[in-house]
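Since the structure comes first, as structure tokens, the remarks are kept for the end.
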Amino acid sequence: MSESSPTVGELFKANVVTHDDLNALIDAVLAGRMNVREELAEGYTLDVAAAVKADAFATAVLRDKTSSTGARRSAARAAILLARAQKD
């Protein structure tokens, strides 16, 4: 795992971010509650809105009113796992 700016996926694999943490972020995205920065474990933060906007596929799926809940969850999850967390 890169110490400078790990992805959320790297933090997840290292058990720094839990399933509950990840699900809370996904739930926030689906509910439209994307704060500027969300706290992650061990002093890491994530700009959730920027993470989703940086992923063209996730943005398209989330904007599409006909997307299923499963597709929306999967797209949000992928965007979050690929995003780089910032160490505070």
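- Residue Val61 is found in a hydrophobic cluster whose other members, listed by chain and number, are Phe57; membership requires side-chain heavy atoms under 4.5 Å apart, directly or through intermediates.
- Among residues two or more places apart in sequence or in another chain, the side-chain contact (heavy atoms from CB on, under 4.5 Å) test is passed with Ala28 by Arg33.
- Listed by chain and number, the residues in a side-chain contact (heavy atoms from CB on, under 4.5 Å) with Asp64 are Thr66, Ser67 (sequence neighbours excluded).
- In this structure the side chain of Thr7 never reaches within 4.5 angstrom of the side chain of Leu81, judged on heavy atoms.
- Under the 4.5 Å side-chain criterion, counting only non-hydrogen atoms from C-beta, Val16 is not in contact with Leu40.
- Leu62 places a side-chain heavy atom less than 4.5 Å from the side chain of Val52.
- By the side-chain hydrogen bond (donor to acceptor under 3.5 Å, both in side chains) test, Asp55 is found to be paired with no residue, residues two or more places apart in sequence or in another chain being considered.
- The ring pair (Phe, Tyr, Trp, His ring centres under 6.0 Å) pairs that include a residue from residues 8-35 are Phe12-His19, where partners are two or more places apart or lie in different chains.
- Between Ala58 and Ala75, the shortest heavy-atom contact is CB-O, 3.5 Å.
- Between Gln86 and Ser5, the shortest heavy-atom distance links the atoms NE2-OG, 3.5 Å.
- Among residue pairs with one or both ends in residues 68-79, those qualifying as salt bridge (charged side-chain N to carboxylate O under 4.0 Å, His left out) are Asp27-Arg73; sequence neighbours excluded.
- Summarising the geometry of Ala79 relative to Ala51, their closest heavy-atom pair is CB-O, 3.9 Å, with the distance given to 0.1 Å.
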Steps toward side-chain contact (heavy atoms from CB on, under 4.5 Å) verdict (Glu38, Leu25): CA-CA 8 Å; Glu38 287 289 335; Leu25 292 171; 3.7 Å; yes
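- The CG atom of Asp47 sits 15.0 Å away from the CZ atom of Arg84 when rounded to the nearest 0.5 Å.
- Thr18 pairs by the side-chain hydrogen bond (donor to acceptor under 3.5 Å, both in side chains) definition with Asp21, not counting sequence neighbours.
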